[in-house]
Colleague: 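Structure incoming, see below.
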Amino acid sequence: MIWRIASFAVAAGFVGLWQLIANLKLISPVFLPGPDRAWAALMRGFATGDLTSKLVGTLEHMAYGWLAASVAGIALGALIGSSRLMRIYIAPSLEFLRPLPVSAIIPVAIAMLGLTQGMALFVIAFGAIWPIMLATIHGFAAVEPRLYEVARALQMSRPAIVFKIALPSALPDILAGMRLSLTVALILSVVCEVLAGLDGLGHWVLLSARAFRSADLFAGVILLGATGYVTSIAMSLAERRLLAWQSTR
Amino acid sequence: MTVLARLDEAKAARQQKPLITFNGATLRLGGKTIIENLDLEVRPGEFLCIVGASGCGKTTALRLAAGLYRPTGGAVTFDGQPMLEPRREVAIVFQDYGKALLPWRTAAGNISLALEACGIPVRERPDRIAELLRKVGLPAHAEKYPAEMSGGMQQRLQIARCLAQEPTTLLMDEPFGALDAMTRQGLQDEVLSLTAASNTTVVFVTHDLDEAIYLGDRVIGLLPHPGRIGIELDVNLPRPRDQLATREHPEFLRLRRQLFDFIKATEH
Ligand SMILES: Nc1ncnc2c1ncn2[C@@H]1O[C@H](COP(=O)(O)OP(=O)(O)OP(=O)(O)O)[C@@H](O)[C@H]1O
Ligand SMILES: [Mg+2]
C-alpha cells in the first residue's frame, strides 16, 4: 500500500515537473506542450473519434500479431521442446535466427509483401514469437520426468500427455514469454504503422510531428504508454488466475 | 481364520499360476549389468517384499515388473504375457510423491487424472473421487493442492490415484521411506487393509527390514553387483497383523534376525 502511494506520488511529481518546464517555456511550446494541453488534445481526439480509431487500429495490429505469435510459438516450442532430438538439431538454427534484429527483416518483409497489413502482421508476429517459443521450449524440456512415467503407467494418449501434463507444467514459462512478447508486439505495431502508413497510433504520432501539432503528438505518446501499461496489467491478472495453484507454495 | 486355514490357503495359492514372472531376467544399462539372471514368481494376491542394500537393484527390478524397463535378456511376464509396456492393471506408487503428483491439480484433480485415463464418464467421477479420498483418509481435502498437504497426505493421495486405476497389482518403491515413524505405521496398516480387501497383489520395495516382515507374505533379499536373489523367506505370521503383537511375535524376531544377518553379510 505504501509502495502504491509512493509510486503514485513519483508519477504526480513527474507530471508537475513537466507542467513547470512547460510553463516556464524552457523548451518552446511548439515542441513541448504542457500536460494540460496534451490532456486537452487527448480529450478532443476521443471526442471527435479520430484518436479512438487510431487506438483501435494499433490494438488490432498488436493483438493479431501477438496472438499469431502465441499460437505459432507455443506449437513450435512444444514440438521442439518435447523431443530431445529436435532440440539438438534445431537449437543451433534458433540461436542463429534469434539475435537477428527484427528491423533487419522489415525490408525483406516489405519487399515480399508490400506496405500492407499482411506485412505488419508478419513482422509483428516474427518479432513477438521468439520470447514465447524459447520459453515454451524451456518449459517443455523441464517437465518432471516422473510425470511422464505416471502418464505411461496410466497409458495416456499422446494428446492427453501434451494437454494434461506437458502444457500445464510449462504454463508458467509460456505466460512469462507471452508477457515479454506483449511489449515487443506494441513496439513493432508502431514501427510498422510509421513505415507503412497503416492506420494506428504510430501513424498519428508521425503525422502530428510533421505538422508540428505537439499536443496531439503527446496525446498519442501518452496513449501508447497507457496501452502498454494496461495490457501488461491485464496479462498479470490472467497469469494470477491461471497460476492460482502456485500461490499456495 | 485359524492359522491352519491360513496355511492351507497359502498352499493353495502356491499351486496357482504366477501373476508376475521373472524368467532369467537380465538388464544391462550403459554397459553395466544391473540385474542378472533373476528368477522370481509373484503369486496372485501375494504381498511380496523386496529388501537389499542401497544400489543393489531393487528399484530396477520393480521397474522391470512395471514395464518401465524391458529386460535385455530373459523375460518378464505378467499374466503369461511379456511385460513390454506399463499396463493400467499394474499401478506404480513412486517414492517421490512430490514429483509424481500434478502440482497444478487439486487432490480431486489428481485422482481424476487416472479416471480420465481409464475412460470413466465425467458424471461418474465425483462419486468415485469422493469414495477414493475416503478410502485413504483424505475426505476433507478434495480441494487442496499437493503443496498444501503434508508428506503423508501426499503419499496417501498418490495411493488413491493408483487405486483409481483399479489395479490387480500394486508396485510400491519405498513408498514410506520419506515419512516419519508414526505416519509410516499408520500407512502400513492402511495399505494392508486396502489390499487385503481387494485381494490385490503387491510388490513392495523397502530398505526397512521390520517393515518388510511386518507387511509381507514373503520377503526377498537381493544381492548387489549385479542384482540377484540372495535370500527368500516365507513369513508365516498370523493376519491381520498388529503393530505391537506382530512385532513381538517370536517368529517375527527370528525372521528379523535372519534377514538382518543376511543384509549385514552383503555390506562389507
Ligand atoms: N539408468 C541407469 N543407468 C545406469 N545405471 C543405473 C541406472 N539406474 C540405476 N543404475 C545403477 O543400478 C544400480 C541399482 O540401482 P537401483 O536404483 O535399482 O538400486 P536400489 O536398490 O533401488 O537402491 P536404493 O536403495 O538406493 O534405492 C545402481 O548401482 C545404480 O547406480
Ligand atoms: Mg531405489
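All chains are named by letter (A, B, ...) in the order of the sequence lines, taking the proteins before the strands, and each is independently numbered beginning at 1. Atoms considered below: every heavy atom in the structure, side chains included; atoms not considered: hydrogens, waters and symmetry mates.
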Colleague: Hey, are B/Arg28 and B/Thr72 close enough side-chain-wise for a donor-acceptor pair under 3.5 Å?
Modeller: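 No, because no side-chain N or O of B/Thr72 sits under 3.5 Å from a partner of the opposite role on B/Arg28.
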
Colleague: Check whether B/Ala114 gets within reach of chain A through its side chain, its backbone, both or neither, counting any heavy atom under 4.5 Å.
Modeller: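 Its backbone and side chain both get close to chain A.
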
Colleague: If you measure from NZ on B/Lys144 to CG on B/Asn110, what distance do you get to the nearest 0.5 Å?
Modeller: 14.5 Å

Colleague: For A/Glu144, is it the side chain, the backbone, both, or neither that has a heavy atom closer than 4.5 Å to a heavy atom of chain B?
Modeller: side chain

Colleague: Can you say whether B/Leu68 sits under 4.5 Å from chain A via the side chain, the backbone, both, or neither, judging by heavy atoms?
Modeller: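 Looking at B/Leu68, backbone and side chain both touch chain A.
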
Colleague: Give, as side chain, backbone, both or neither, the part of B/Gln158 having an atom under 4.5 angstrom from any heavy atom of chain A.
Modeller: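 B/Gln158 has no heavy atom closer than 4.5 Å to chain A.
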
Colleague: Taking atom CZ of B/Arg87 and atom CG of B/Asp79, what is their separation to the nearest 0.5 Å?
Modeller: 6.5 Å

Colleague: Cation over ring, B/Arg184 on B/Phe176, under 6.0 Å and within 45°?
Modeller: no

Colleague: Chain B heavy atoms under 4.5 Å from A/Ala153: which part of the residue, side chain, backbone, both or neither?
Modeller: both

Colleague: Do the side chains of A/Arg146 and A/Glu149 get close enough for a salt bridge, i.e. N-O under 4.0 angstrom?
Modeller: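 Yes, this pair counts.
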
Colleague: Which atoms of A/Ser169 are under 4.5 Å from chain B, going by heavy atoms: the side chain, the backbone, both sets, or neither?
Modeller: both

